[in-house]
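As a basis for the values below, the full set of heavy atoms in this structure was taken, side chains included, without hydrogen atoms, waters or symmetry mates. As the structure is a computational prediction, the values presented were derived from the model and not from experiment.
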Amino acid sequence: MSLEARINDDIKQAMLAKDQVRLRGLRAVKSAILLAKSEPGASDTFGEEKEIQILQKLVKTRKDSMAIYQQQNRPDLAEKEQEEIATIEPYLPKQLSAEELQAAIKEIIAELGASGMKDMGKVMGQANAKLAGKADSKSISDVVKAALSA
């Protein structure tokens with residue numbers, strides 16, 4: 001079952017259950033999918049990789065917004081963002097733990113023979129391709145910087 005079909009089914013269930021919090025998050029996902037489909041050059045269907053990118057972007061946007069709301073002392077708005085994150089994250093693949101991410105990055109560095117910060121771009125390209133959907137780019141970048149500068 002595609003992500004879009006799962007979201008549509010879950011929207012119906014949330015409507016029947018009158019779960020406004022879940023419904024808000026699911027509608028945001030559906031909207032993002034429809035926008036991605038209507039982009040110039042986009043096809044009517046896309047693969048799992050594109051679906052994961054859409055979901056990751058939604059979660060990242062909400063995390064950034066939540067941080068801003070917390071800085072501005074707006075816990076009510078930060079809570080809404082947290083609720084939407086909790087609704088969207090179950091549709092993403094299981095994220096790697098910090099230890100698993102470090103091990104995967106060390107393996108990639110060994111494969112490429114990277115030795116310093118000058119190889120960061122090469123390692124990041126390979127890591128983002130290999131770990132897509134399993135870790136966000138910021139976490140990957142932080143681990144790569146730490147590994148290459150050590």
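Interatomic distance, Q102 CD to S97 OG, rounded to the nearest 0.5 Å: 8.5 Å. Interatomic distance, I33 CD1 to K50 NZ, rounded to the nearest 0.5 Å: 11.0 Å.
The heavy-atom pair separating G25 from E84 by the smallest distance is CA-CG, 4.1 Å. The heavy-atom pair separating Q70 from A78 by the smallest distance is CG-CB, 3.8 Å. The shortest non-hydrogen separation linking I105 to A147 is CG2-CB, 4.4 Å. Counting all heavy atoms, side chain and backbone alike, K57 lies closest to T61 at O-OG1, 2.8 Å. M120 and S141 make their closest contact through CE-OG, 3.7 Å (heavy atoms, listed as atom of the first residue, atom of the second, distance). For the residue pair A36 and I54, the shortest heavy atom distance occurs at CB-CD1, 3.6 Å.
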Enumerate donor-acceptor pairs with a distance under 3.5 Å from any side-chain N or O in residues 121-135 to protein atoms, sequence neighbours excluded.
{"residue": "N128", "atom": "ND2", "partner": "M124", "partner atom": "O", "Å": "3.3"}
{"residue": "K130", "atom": "NZ", "partner": "E111", "partner atom": "OE1", "Å": "3.4"}
{"residue": "K130", "atom": "NZ", "partner": "E111", "partner atom": "OE2", "Å": "3.0"}

**OP:** Would you please test E51 and S2 for side-chain contact (heavy atoms from CB on, under 4.5 Å) and show each step?
**Re:** CA-CA 9 Å; E51 292 173 346; S2 73; 4.2 Å; yes
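Proximity of a side-chain donor or acceptor of E100 to a complementary backbone N or O of A98 within less than 3.5 Å is not detected. The backbone N or O of L58 lies less than 3.5 Å from a partner atom in the side chain of R62, making a donor-acceptor pair.
Residues L26 and Y91 are in side-chain contact: their nearest non-hydrogen atoms beyond the backbone lie under 4.5 Å apart. The shortest distance between side-chain heavy atoms of L92 and P90 does not fall below 4.5 Å.
Take R27 and apply the side chain to side chain donor-acceptor pair (under 3.5 Å) test, not counting sequence neighbours, and it matches no residue. For E79, there are no salt bridge (charged side-chain N to carboxylate O under 4.0 Å, His left out) partners at least two apart in sequence or on another chain. Among residues two or more places apart in sequence or in another chain, the salt bridge (charged side-chain N to carboxylate O under 4.0 Å, His left out) test is passed with D142 by K138. Remark: S149 engages M117 in a side chain to side chain contact (heavy atoms under 4.5 Å, CB included) (not counting sequence neighbours). Partners of E4 by side chain to side chain donor-acceptor pair (under 3.5 Å), not counting sequence neighbours, listed by chain and number: K37. Considering only residues two or more places apart in sequence or on other chains, N8 meets the side chain to side chain donor-acceptor pair (under 3.5 Å) condition with K30. K63 is linked by a salt bridge (charged side-chain N to carboxylate O under 4.0 Å, His left out) to E89, counting only residues two or more places apart in sequence or in another chain. A search for side chain to side chain donor-acceptor pair (under 3.5 Å) contacts involving K118 returns S115, not counting sequence neighbours.
Sorted by first and then second residue, the salt bridge (Lys or Arg N to Asp or Glu O under 4.0 Å) pairs with a member in residues 67-76 read R74-D76; sequence neighbours excluded.
Hydrophobic side-chain contacts under 4.5 Å tie Y69 into a cluster, directly or through other members, with L77. Counting side-chain heavy-atom gaps under 4.5 Å among Ile, Leu, Val, Met, Phe, Trp and Tyr, L34 is found in no cluster with other residues.
When each of I11, D10, I7 is paired with V29, the side chain to side chain contact (heavy atoms under 4.5 Å, CB included) condition holds for I7 and for no other.
Under a hydrophobic-cluster definition in which Ile, Leu, Val, Met, Phe, Trp and Tyr are linked whenever side-chain heavy atoms come within less than 4.5 Å, directly or via other members, L148 and I140 are assigned to the same cluster. Hydrophobic clustering (side-chain heavy atoms under 4.5 Å, transitive across Ile, Leu, Val, Met, Phe, Trp, Tyr) keeps L55 apart from L96. Residue L35 is not grouped with residue I88 when hydrophobic side chains (ILVMFWY) are merged at heavy-atom distances under 4.5 angstrom, including chains of intermediate members. Linking ILVMFWY side-chain heavy atoms closer than 4.5 Å, directly or via other members, places L112 and V143 in a single hydrophobic cluster. By the rule that hydrophobic residues join a cluster once side-chain heavy atoms approach within less than 4.5 Å of another member, L101 and I52 end up as members of separate clusters.
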